[in-house]
Amino acid sequence: MDKVLACEGLVKRFDELTAVGGVSLDIAAGETYGLLGPNGAGKTTTISMICGLLERDAGTVHVAGEPIDVNTVAARAAIGYVPQEIAVYPDLTGRENLRFFGRLNGLERDELDRRVDEVLEIVGLTERAKDKAEEYSGGMQRRLNIGAGMLHHPKLLILDEPTVGVDPQSRNAILDSVEDLGGEGMAVLYTTHYMEEAERLCDRVGIIDNGTIVAEGTRRELTALVGSVDTVVVDVTGGDGMLERLSALDGVVEATLDRDRLTVLVPEAGARLAELLAAVSAGGASVRGVQVTEPDLEAVFLHLTGKALRD
């Protein structure tokens, strides 16, 4: 796939502090890339350099094949940037806000009206389009913020922690909106310190810590770094022969029984669940409940950095 964003060796220093120390990443059209790391890891500094808002000390940025820096103007039209801070006008309606930002980005007349209607639908604000933004909840304002960033069909949409400080219902609505962006064909750069958001939204994830990307890949590629073994917990009754049967299956790393709780460690548990349960039943046990837990990005971060994601 063609690269919409290509960054090489981004470096930013503030006096003696190296905030970003050689970040490289690329994103293709229609791909959502998550930059996952704790607060202070260098996420916002990185995207500020990508947008041309912050001068870098080293490295290059190209968006849609054009170089980006603090002096470029026309090339930055290919970027839609949604900052952490809500940047809409509270005394304008949702529709008026979008029309204003659309005009700033060169949309006019029929194209502007059509695009405003499309974006209101994508961010779930069609029914509230005539209400002033000051009457919106914080989550609705953030969705309007996202809409303003994507109005002009940017090739690259950058979302900087768009769910910070919102209630769970609004957060879920924002995530639903972001999930629809792949259908727009945009390359999306999504920064977050919420592991579950990266797992839900992102095709690939870069884990950033202390200004450096320490690992990058799909969720399965990253969890493989800690050993891609799933945990299957089965609540059982009886079954004296099931441990022997389970241990004899190819790929089963370990099978243990603690009272009525059976724990099995095995790769690709979802694909092998029927086989595992058949062995349990053949061993004389009755199954009361099953839970499968896969390795997650929190475990990857802990493995790579020695600390929890939110430390």
Side-chain angles (χ1 to χ4, degrees), residues 3-27 32-63 66-73 75-76 78-87 142 145-146 149 156-166 187-199 201-202 204-217 222 225-226 296-311:
K3 293 179 181 178
V4 174
L5 172 65
C7 303
E8 292 289 340
L10 296 184
V11 174
K12 182 61 185 178
R13 302 181 186 91
F14 297 99
D15 297 324
E16 300 300 317
L17 172 67
T18 299
V20 175
V23 165
S24 300
L25 61 93
D26 59 75
I27 310 175
T32 299
Y33 183 101
L35 198 57
L36 176 67
N39 293 328
K43 301 187 299 294
T44 297
T45 301
T46 297
I47 64 174
S48 295
M49 290 188 285
I50 291 172
C51 291
L53 299 175
L54 181 65
E55 189 170 4
R56 56 187 177 267
D57 294 314
T60 60
V61 177
H62 288 81
V63 175
E66 297 294 327
I68 299 288
D69 59 36
V70 293
N71 297 313
T72 57
V73 177
R76 280 195 274 177
I79 301 173
Y81 175 46
V82 181
Q84 287 187 33
E85 300 80 12
I86 293 174
R142 287 196 177 275
N145 221 27
I146 293 171
L156 172 66
L157 180 65
I158 299 176
L159 303 168
D160 189 10
E161 306 245 19
T163 66
V164 169
V166 301
V188 179
L189 176 56
Y190 189 98
T191 79
T192 182
H193 63 273
Y194 297 123
M195 171 271 295
E196 62 273 18
E197 290 186 2
E199 292 190 323
L201 298 175
C202 301
R204 287 187 300 134
V205 174
I207 295 178
I208 186 170
D209 185 45
N210 293 326
T212 303
I213 293 183
V214 295
E216 180 187 75
L222 290 172
L225 297 175
V226 296
D296 59 22
L297 296 179
E298 184 87 40
V300 176
F301 192 86
L302 181 63
H303 172 74
L304 293 172
T305 69
K307 58 189 178 184
L309 184 57
R310 293 178 177 85
D311 282 353

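Just so you know, these numbers come straight off a predicted model, no measurement behind them.
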K.L.:
Using modelled atom types only, decide if a donor and an acceptor are shared between the side chain of T305 and the backbone of F301 within a distance under 3.5 Å.
P.N.:
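Checking the backbone N and O of F301 against the side chain of T305, a donor-acceptor pair under 3.5 Å is found.
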
K.L.:
Out of curiosity, I213 CD1 to L304 CG, how far, rounded to the nearest 0.5 Å?
P.N.:
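These two atoms lie 12.5 Å from each other.
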
K.L.:
What closest approach, in Å, do G42 and V20 show between heavy atoms, and which atom pair accounts for it?
P.N.:
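Taking every non-hydrogen atom into account, O-CG2, 3.8 Å.
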
K.L.:
May I have the step-by-step check of side-chain contact (heavy atoms from CB on, under 4.5 Å) for V63 and L5, ending in yes or no?
P.N.:
CA-CA 5 Å; V63 175; L5 172 65; 3.9 Å; yes

K.L.:
Quick one, T163 with E197, criterion side chain to side chain donor-acceptor pair (under 3.5 Å). Give me CA distance, side-chain angles, the key distance, then yes/no.
P.N.:
CA-CA 9 Å; T163 66; E197 290 186 2; 2.5 Å; yes

K.L.:
Looking at L297, is its backbone amide N or carbonyl O close enough to the side chain of E199 to form a donor-acceptor pair, meaning the two atoms are under 3.5 Å apart?
P.N.:
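Checked: pair present.
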
K.L.:
For residues 40-58, pull every pair meeting side chain to side chain donor-acceptor pair (under 3.5 Å), keeping only residues two or more places apart or in separate chains.
P.N.:
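Residue pairs with at least one partner in residues 40-58: K43-E161, T44-Q84, T44-D160.
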
K.L.:
Let me see the working for R142 and L159 under side-chain contact (heavy atoms from CB on, under 4.5 Å), right down to the final yes or no.
P.N.:
CA-CA 11 Å; R142 287 196 177 275; L159 303 168; over 6 Å; no

K.L.:
With side-chain contact (heavy atoms from CB on, under 4.5 Å) as the criterion, how do R13 and V11 come out once you've worked through the C-alpha distance, each side chain's angles and the decisive distance to 0.1 Å?
P.N.:
CA-CA 7 Å; R13 302 181 186 91; V11 174; 3.8 Å; yes

K.L.:
In the structure I gave you, are the side-chain heavy atoms of T192 and L36 within less than 4.5 Å of one another anywhere?
P.N.:
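Yes, side chains in contact.
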
K.L.:
Say you draw a straight line from CD1 of I50 to CG of L25; how long is it, rounded to the nearest 0.5 Å?
P.N.:
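One gets 5.0 Å once the value is rounded to the nearest 0.5 Å.
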
K.L.:
Restricting to non-hydrogen atoms, name the atom on P67 and the atom on A75 that form the minimum distance, rounded to 0.1 Å.
P.N.:
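Closest heavy-atom pair between P67 and A75: O-CB, 3.9 Å.
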
K.L.:
Within this structure, what is the CD1-CE distance for the pair I207 and M195, rounded to the nearest 0.5 Å?
P.N.:
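Result: 10.5 Å between the selected atoms.
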
K.L.:
Which heavy-atom pair separates L225 from A215 by the least distance, and what is that distance?
P.N.:
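It is CD1-CB, 4.0 Å.
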
K.L.:
Give me the atom names and distance for the closest heavy-atom approach of G149 to L157.
P.N.:
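Smallest heavy-atom distance, with atoms named: O-CD1, 3.6 Å.
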
K.L.:
Output, in order, the C-alpha distance, side-chain angles, deciding distance and verdict of side-chain contact (heavy atoms from CB on, under 4.5 Å) for L35 and V23.
P.N.:
CA-CA 11 Å; L35 198 57; V23 165; 5.7 Å; no

K.L.:
Using a 3.5 Å distance criterion without hydrogens, assess whether the side chain of N145 forms a donor-acceptor pair with backbone atoms of V82.
P.N.:
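Flag not set: sc N145 to bb V82 has no pair under 3.5 Å.
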
K.L.:
Please give me the minimum heavy-atom distance between R76 and V70, naming the atom from each residue.
P.N.:
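For R76 versus V70, the nearest heavy atoms are NH2-O, 3.5 Å.
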
K.L.:
If every non-hydrogen atom of C202 is compared with every non-hydrogen atom of V205, which pair is closest and at what distance?
P.N.:
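Result for this residue pair: CB-CG2, 3.9 Å.
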
K.L.:
Nearest 0.5 Å, what's the OG1-CD1 distance between T191 and I47?
P.N.:
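It is 5.0 Å, given to the nearest 0.5 Å.
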
K.L.:
Roughly how far apart are I68 CD1 and I79 CD1, rounded to 0.5 Å?
P.N.:
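Rounded to the nearest 0.5 Å, the CD1-CD1 separation comes to 4.5 Å.
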
K.L.:
As an exercise, state the distance from CZ of F14 to CG of L54, rounded to the nearest 0.5 Å.
P.N.:
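Atom-to-atom, F14:CZ and L54:CG are 5.0 Å apart.
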
